[in-house]
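What you are looking at is a predicted structure, and each value in this text was computed from that prediction instead of being measured. Quick note on labels: first sequence line is chain A, next is B, and so on, each numbered from 1.
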There are 2 protein chains.
Amino acid sequence: MHTYEEIVQKMASQGLRITDQRKTLAKLFAESPGYLAPKAVYEYMGKSYTGLSFDTVYRNLRVMEELGVLEQVVFEEGVKFKLHCREHDHHHHMICLQCGRTYPITYCPMEQTLVPDDFKVVKHKFEVFGYCKDCAQDEPALGEG
Amino acid sequence: MHTYEEIVQKMASQGLRITDQRKTLAKLFAESPGYLAPKAVYEYMGKSYTGLSFDTVYRNLRVMEELGVLEQVVFEEGVKFKLHCREHDHHHHMICLQCGRTYPITYCPMEQTLVPDDFKVVKHKFEVFGYCKDCAQDEPALGEG
DNA sequence: TTCGCTGCAAAATGTTTGCATAGCC
DNA sequence: GGCTATGCAAACATTTTGCAGCGAA
């Protein structure tokens with residue numbers, strides 16, 4: 001688990017300056033269990049900074065992604081960010097459609113998948129979407145496709 | 001397998017008018033084995049139509065998607081379209097990174113995935129990316145990730 | 001003091017919409 | 001001929017870039 005301090009330290013060790021904004025970003029992602037859209041990050045940050053600009057948020061998200069602090073995932077609704085998985089073992093995720101929280105799945109379907117010899121596998125994606133314990137209560141019978 | 005005729009017929013049966021452009025679209029997707037980006041479709045269409053506009057291509061792609069003729073998938077590089085899978089059985093895909101061609105995977109990882117009782121699964125995504133037989137030859141040692 | 005970070009503005013990109021006209025049925 | 005589809009232009013959303021000034025180290 002990345003703590004606030006670890007994130008700040010990682011940024012500092014790479015020569016980045018630790019501004020108030022980046023502190024807030026570090027804190028936000030350290031405390032957020034799931035994926036955050038850039039807009040959500042911007043709105044959260046906006047509470048603390050009046051003159052905040054969207055582009056700086058973008059810039060910092062990208063910088064943090066390049067540092068390996070954050071990871072970016074493309075959803076149907078757009079791009080989102082979360083703390084980079086600390087687990088080094090290959091794994092997948094269950095993702096809550098409500099809160100964006102993720103849970104690891106250790107099982108990898110590639111073990112069972114029959115791939116023809118003439119298909120050269122480069123990567124794969126396995127994601128399970130649904131509602132986590134907390135959110136399932138709020139969304140009693142949400143049908144979705 | 002959707003043929004050109006089936007696509008045209010489906011559009012006509014829904015009250016859509018069969019214009020030259022839509023005929024060309026139907027033919028393009030009937031003959032294309034894999035995913036096509038809107039831009040690729042536009043460029044292909046542009047060969048035949050001088051005054052072609054991007055928005056009409058978009059509109060028609062969306063109309064065809066709403067009809068169930070096409071399906072839309074979000075990739076990292078953006079949105080792409082292909083013929084809607086005719087197979088009714090639940091399945092997944094191997095997708096060639098070069099030509100976009102897809103191959104069905106009948107195995108579904110959800111069978112093996114341990115999901116906690118308190119997580120309400122809504123949907124899942126399983127995709128294998130790589131190079132198909134034809135493209136693997138052209139891309140001898142493409143490291144990616 | 002230095003050099004990176006920020007906000008502003010504008011550009012680049014991808015997608016959608018309104019409207020008059022052309023064209024399918 | 002009626003009504004839909006098209007092209008044009010412009011709106012819109014998202015992301016990137018240039019630049020002058022502020023601020024962390």
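- In terms of the salt bridge (charged side-chain N to carboxylate O under 4.0 Å, His left out) criterion, A:Arg17 has no residue partners (sequence neighbours excluded).
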message: What does the B/S/- profile of nucleotides 17-25 of chain C look like, 5' to 3', with a 4.0 Å heavy-atom cutoff to protein?
response: BB----BBS
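- Taking the side-chain contact (heavy atoms from CB on, under 4.5 Å) definition, one finds that B:Tyr42 meets it with B:Leu52, B:Phe54, B:Val57, sequence neighbours left out.
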Sequence neighbours left out, cut at 3.5 Å: what donor-acceptor pairs do the side chains of residues 61-83 of chain A make with other protein atoms?
from    : atom 1 : to      : atom 2 : distance (Å)
A:Glu71 : OE1    : A:Cys85 : N      : 2.9
A:Glu77 : OE1    : A:Lys80 : NZ     : 3.1

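- Screening residues 94-118 of chain A for salt bridge (Lys or Arg N to Asp or Glu O under 4.0 Å), with sequence neighbours left out, gives no hits.
- D:dT16 atom P lies 13 Å from atom CG of A:Asn60, rounded to whole Å.
- If you check residues 63-78 of chain A against DNA chain C, you find no residue with a heavy atom closer than 4.0 Å.
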Identify each donor-acceptor pair in which a side-chain atom of residues 23-33 of chain B lies under 3.5 Å from a protein atom, sequence neighbours left out, and give them as a table.
from    : atom 1 : to      : atom 2 : distance (Å)
B:Thr24 : OG1    : B:Asp20 : O      : 2.9
B:Thr24 : OG1    : B:Tyr49 : OH     : 2.6
B:Ser32 : OG     : B:Leu28 : O      : 2.7

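- B:His84 is linked by a ring-ring contact (aromatic ring centres under 6.0 Å, His included) to nothing, counting only residues two or more places apart in sequence or in another chain.
- Of the residues in residues 34-43 of chain B, none has a non-hydrogen atom less than 4.0 angstrom from any atom of DNA chain D.
- Between the C1' atom of D:dT4 and the CD atom of B:Gln14 lies a distance of 15 Å, rounded to the nearest Å.
- What separates CG of B:Leu52 from C1' of D:dC8 is a distance of 12 Å, to the nearest Å.
- In this structure, the NZ atom of A:Lys80 is 12 Å from the P atom of D:dT14, given to the nearest Å.
- Using a 4.5 Å cut-off on side-chain heavy atoms (C-beta onward), B:Ile105 and B:His93 make no contact.
- Side-chain N/O atoms of A:Ser53 include one lying less than 4.0 angstrom from OP1 or OP2 on C:dG7.
- Residues satisfying the side chain to side chain donor-acceptor pair (under 3.5 Å) criterion with B:Tyr107, sequence neighbours excluded, are A:Tyr107.
- One finds no side-chain N or O of A:Thr56 lying less than 4.0 angstrom from the OP1 or OP2 phosphate oxygen of C:dC5.
- Applying the side chain to side chain donor-acceptor pair (under 3.5 Å) criterion to B:Ser48, with sequence neighbours excluded, gives no partner residue.
- Taking atom CG on B:Leu25 and atom C1' on D:dT6, their separation rounds to 13 Å, with Å as the unit.
- Checked against a 6.0 Å centroid threshold, the rings of B:His124 and B:His90 count as neighbours.
- If you measure from atom CE of A:Met45 to atom C1' of C:dG7, you get 13 Å, rounded to the nearest angstrom.
- By the side-chain contact (heavy atoms from CB on, under 4.5 Å) test, B:Thr106 pairs with no residue at all, sequence neighbours left out.
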